[in-house]
Amino acid sequence: MVLGGNSIIIYVALTDPKLNSPLYFFLCNLSFVDMVYTTTTIPNMLSGLLTDILTISVLGCFLQMYFFIQLTVTGRAILTVMAYDRYVAICNPLQYNSIMTRPVRLLLVAGAWGFGAICTLPVTVIAFERPYCGPNVVKHAWCDPSSVRRLVCSDTSLDNIVSLLFAMVSLVTTSVFILSSYILIGFSISRMVVAQRLKALRTCSAHLTVVSISYAAASFVYISYRVGNFSSEVRIIVSVLYSALTPFLNPMIYSLRNKELRESIRRTLSRFRPAAVLPTKKISTLS
């Protein structure tokens with residue numbers, strides 16, 4: 001479902017000429033991040049459950065750790081870019097096309113991926129250089145950084161500080177930019193007439209819903225790791241649900257709340273639907 005829903009959004013955004021606005025360009029990138037993010041952890045986890053082979057190489061473990069964190073941060077950054085896109089569309093509608101040009105869109109997406117890499121590399125490099133003691137058993141569904149850190153033989157104070165620092169940078173930076181964008185959007189909407197106000201709210205509703213679910217789920221995961229009453233099994237379940245929930249809900253939310261995208265998906269599906277063949281009656285004539 002996750003791969004199917006996000007694949008449909010990517011396909012219609014790339015093939016439908018009516019979806020050529022910057023919003024769908026960013027949505028296409030968000031769907032791509034969700035797809036890769038899901039395939040980083042879920043297939044290996046399901047393979048272990050089906051075959052009882054719960055092993056992963058050391059290099060594979062750290063690659064999984066890197067991409068899991070990097071794609072999480074990149075997804076937040078793309079949501080931030082989409083909030084800026086909505087700010088420009090609502091607060092500067094006449095200059096929207098001149099501001100959100102293709103080079104600017106590419107630069108914003110590249111910045112989102114770069115921000116994810118910057119927030120991820122220090123944590124992964126420090127973890128990779130640490131000495132580890134046996135048994136090398138990660139008590140998690142994948143190579144979660146905090147679970148891998150428990151296997152380190154030396155002091156992990158620096159690891160904890162660096163991990164917390166970059167986690168706060170990624171969360172605070174993106175949330176502040178998103179909140180600032182919507183505060184400015186709120187001021188602009190308050191000066192509009194009712195019809196324009198409703199239209200502006202409709203354009204923001206899908207993005208606001210996705211942001212709310214994403215940050216609420218991330219906060220719950222963070223609390224479950226910091227509260228001692230939660231068992232390790234509960235933390236694993238919460239993390240698995242978090243990693244699958246937002247990529248699963250994002251295409252559903254955007255397709256249900258965005259009329260243009262919904263109609264584009266309907267047109268795309270109708271093209272692949274086989275045409276109905278009407279039965280013909282044989283008419284005999286008397287000569």
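All values below come from the heavy atoms of this structure, side chains included, with hydrogens, waters and symmetry mates left out.
Taking the side chain as every heavy atom from C-beta outward, Leu19 and Leu27 never approach each other to under 4.5 Å. Side-chain contact between Met35 and Ile10 is present, with heavy atoms from C-beta onward closer than 4.5 Å. You'll find the side chain of Asp34 stays beyond 4.5 Å of the side chain of Phe248, heavy atoms only. Counting only heavy atoms from C-beta outward, the side chains of Thr209 and Tyr254 never approach each other to under 4.5 Å. Between Val148 and Tyr132, some side-chain heavy-atom pair lies under the 4.5 Å cut-off. Side chains of Val109 and Trp113 form a contact here, defined as non-hydrogen atoms less than 4.5 Å apart. In this structure, Asp144 and Met65 have side chains that are not in contact, with every pair of non-hydrogen atoms separated by 4.5 Å or more. Counting only heavy atoms from C-beta outward, the side chains of Phe115 and Thr74 never approach each other to under 4.5 Å.
With hydrophobic clusters built from ILVMFWY side chains whose heavy atoms lie under 4.5 angstrom apart, Val211 does not share a cluster with Ile183. In the hydrophobic cluster analysis, where Ile, Leu, Val, Met, Phe, Trp and Tyr join through side-chain heavy atoms closer than 4.5 angstrom, Val33 is grouped apart from Leu107. Tracing side-chain contacts under 4.5 Å through hydrophobic residues (I, L, V, M, F, W, Y), one reaches Leu106 starting from Leu79; they form part of the same cluster. Linking ILVMFWY residues whenever their side-chain heavy atoms come closer than 4.5 Å, directly or via other members, leaves Val36 and Ile56 in distinct clusters. Taken together through direct or relayed side-chain contacts under 4.5 Å among Ile, Leu, Val, Met, Phe, Trp and Tyr, Leu30 and Val104 form part of one hydrophobic cluster.
Judged by distance alone, the side chains of Arg76 and Ser214 do bring a donor and an acceptor atom under 3.5 Å apart.
Distance CG/Asp85 to CD1/Ile90: 9.5 Å, rounded to 0.5 Å. Taking CZ from Arg197 and OG from Ser188, the interatomic distance works out to 10.5 Å, rounded to the nearest 0.5 Å. The structure places OH of Tyr87 at 13.0 Å from SG of Cys204, a figure rounded to the nearest 0.5 Å. With rounding to the nearest 0.5 Å, the separation of CZ in Phe26 from CE in Met82 is 8.5 Å. The CE atom of Met252 sits 11.5 Å away from atom CG of Asn6, with the distance rounded to the nearest 0.5 Å. The line from SG of Cys143 to CG of Leu63 is 10.0 Å long, rounded to the nearest 0.5 Å.
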Inset, instruction - Show your working on side chain to side chain contact (heavy atoms under 4.5 Å, CB included) between Leu23 and Arg86 and close with a plain yes or no. - result: CA-CA 8 Å; Leu23 170 64; Arg86 292 300 85 200; 3.8 Å; yes
Inset, instruction - May I have the step-by-step check of side chain to side chain contact (heavy atoms under 4.5 Å, CB included) for Ile69 and Cys119, ending in yes or no? - result: CA-CA 8 Å; Ile69 305 173; Cys119 292; over 6 Å; no
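Taking all atoms of both residues into account, the shortest heavy-atom contact from Ala117 to Tyr66 is CB-OH, 3.8 Å. The shortest non-hydrogen separation linking Gly116 to Val73 is CA-CG1, 3.7 Å. Nearest heavy-atom pair, Arg149 versus Val123, reported as atom, atom and distance to 0.1 Å: NH2-CG1, 4.5 Å. Across Ser31 and Ile9, no two heavy atoms sit closer than the pair OG-CG2, 3.4 Å. Contact detail for Arg202 and Ser205: the closest heavy-atom pair is O-OG, 3.0 Å.
When Phe68, Phe128, Phe67 are each tested for a ring-ring contact (aromatic ring centres under 6.0 Å, His included) with Phe62, only one passes: Phe128.
For Asn20, there are no side chain to side chain donor-acceptor pair (under 3.5 Å) partners at least two apart in sequence or on another chain. The salt bridge (Lys or Arg N to Asp or Glu O under 4.0 Å) search around Arg267 returns Asp16, not counting sequence neighbours. Under the rule for a side chain to side chain donor-acceptor pair (under 3.5 Å), Ser57 has no partner lying at least two apart in sequence or in another chain.
Heavy-atom neighbours of Tyr182 OH from other residues, nucleotides or ligands within 6.0 Å: above the threshold of 12. Other residues, nucleotides and ligands contribute more than 12 heavy atoms inside 6.0 Å of the OH atom of Tyr215. More than 12 heavy atoms of other residues, nucleotides or ligands shown are found within 6.0 angstrom of CE on Met192.
Using a distance-only test at 3.5 Å, with no hydrogens or angles considered, no donor-acceptor pair links the side chain of Thr101 to the main chain of Ser98.
For Phe177 and Tyr84, the ring centers are positioned 6.0 Å apart or more.
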